[in-house]
> 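Have a look at this one before I ask anything.
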Amino acid sequence: MAKEEQYKELVAQVAAVVADETDMIANMANVAAILHEAFGFWWTGFYRVQNTDRFADRVQTELVLGPFQGPLACTRIPFGKGVCGTAWAKNETVIVPNVHEFAGHIACSSESNSEIVVPVRQNGEVIAVLDIDSKDFDTFDETDQKYLEEIVDCLSGGTEML
Ligand code: SME
């Protein structure tokens, strides 16, 4: 099946799965599973924007690892750092055809060669990012961007939480 057709089915599936569930973590977990199973990505998951007081003198806002499928990953990513922090800072999807050429890329796994990061927004503000890694180079294009953006919209559309 062509990628676009596959994504259309997945958008419908995600919309149905999240329709009756208001818990954001539960919905993120199912979205990660659905995408990971469908496409066989190397790593598929979420980082959530969280305020953390682990520094004694100040509260810092950073990305914290959320529900995912795939191998162990780094747990915290600062604003503007790596592909994830860049997508957060720019509030836009970032496609990286070759992660080794992305200045500041955070290598959670040496097996990853290309990546896409899609912001999850609530009222226009980034509350999380969807991060997908591939073992192949140049895996992601505008079709992935279009449908993954639709998928994360389903996620934040009906819920008021985090
Ligand atoms: N490569 C990401 C870090 C997260 S892992 O890929 C799961 C980045 O540069 O932000």
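On a predicted model such as this, the values are computed, not experimentally measured, just so you know. Order of appearance sets the numbers: ligands from 1, and atoms from 1 within every ligand.
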> Quick check: Phe39 with Phe140 (ring centres under 6.0 Å apart)?
no

> Under 4.0 Å, heavy atoms only, figure out whether ligand 1 is touched by the backbone of Asp131, its side chain, both or neither.
side chain

> Within a distance under 4.0 Å of any heavy atom of Trp43, pick out the atoms of ligand 1 and give their elements.
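Those qualifying, in numeric order: 7 (C).
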
> Side-chain donor-acceptor pair under 3.5 Å between Glu4 and Tyr147, yes or no?
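There is such a pair (donor and acceptor under 3.5 Å, judged by atom type) between the side chains of Glu4 and Tyr147.
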
> Using only heavy-atom distances, determine whether the side chains of Ser109 and Trp43 contain a donor-acceptor pair under 3.5 Å.
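The criterion, which ignores hydrogens and geometry beyond distance, is not satisfied for Trp43 and Ser109.
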
> Can you pull out the closest protein heavy atom to atom 2 (C) of ligand 1? Residue, atom name and distance to 0.1 Å, please.
Glu115 OE2, 3.1 Å

> Please work out, at 4.0 Å between heavy atoms, whether the side chain, the backbone, both, or neither of Tyr47 comes within that distance of ligand 1.
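The part of Tyr47 near ligand 1 is the side chain, not the backbone.
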
> Ile77 and Ile106: side chain to side chain contact (heavy atoms under 4.5 Å, CB included), yes or no, with the steps?
CA-CA 9 Å; Ile77 300 175; Ile106 300 165; 3.7 Å; yes

> For Gln50 and Thr61, test the side chains for any donor-to-acceptor distance below 3.5 angstrom and give the result as yes or no.
no

> Which residue from Val83, Val94, Asp133 reaches closest to atom 6 (O) of ligand 1 through any of its heavy atoms?
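Comparing heavy atoms across Val83, Val94, Asp133, the nearest one to atom 6 (O) of ligand 1 lies in Asp133.
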
> Between Cys108 and ligand 1, which residue portion shows a heavy-atom distance shorter than 4.0 Å: side chain, backbone, both, or neither?
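Side chain only.
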
> In terms of residue, atom name and distance, what is the protein heavy atom nearest to atom 10 (O) of ligand 1?
Cys84 N, 2.8 Å

> Which one of Leu72, Val129, Thr86, Ile106 has a non-hydrogen atom at the shortest distance from atom 3 (C) of ligand 1?
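Going through Leu72, Val129, Thr86, Ile106 one by one, Ile106 has the nearest heavy atom to atom 3 (C) of ligand 1.
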
> May I ask you to say whether Asp141 pairs ionically with Lys3, meaning some side-chain N is under 4.0 Å from a carboxylate O?
yes

> Mark up the atoms of ligand 1 that fall under 4.0 Å of a heavy atom belonging to His105, in ascending order.
1 (N), 9 (O)

> So, Gln13 versus Glu9: side-chain donor-acceptor pair below 3.5 Å or not?
no

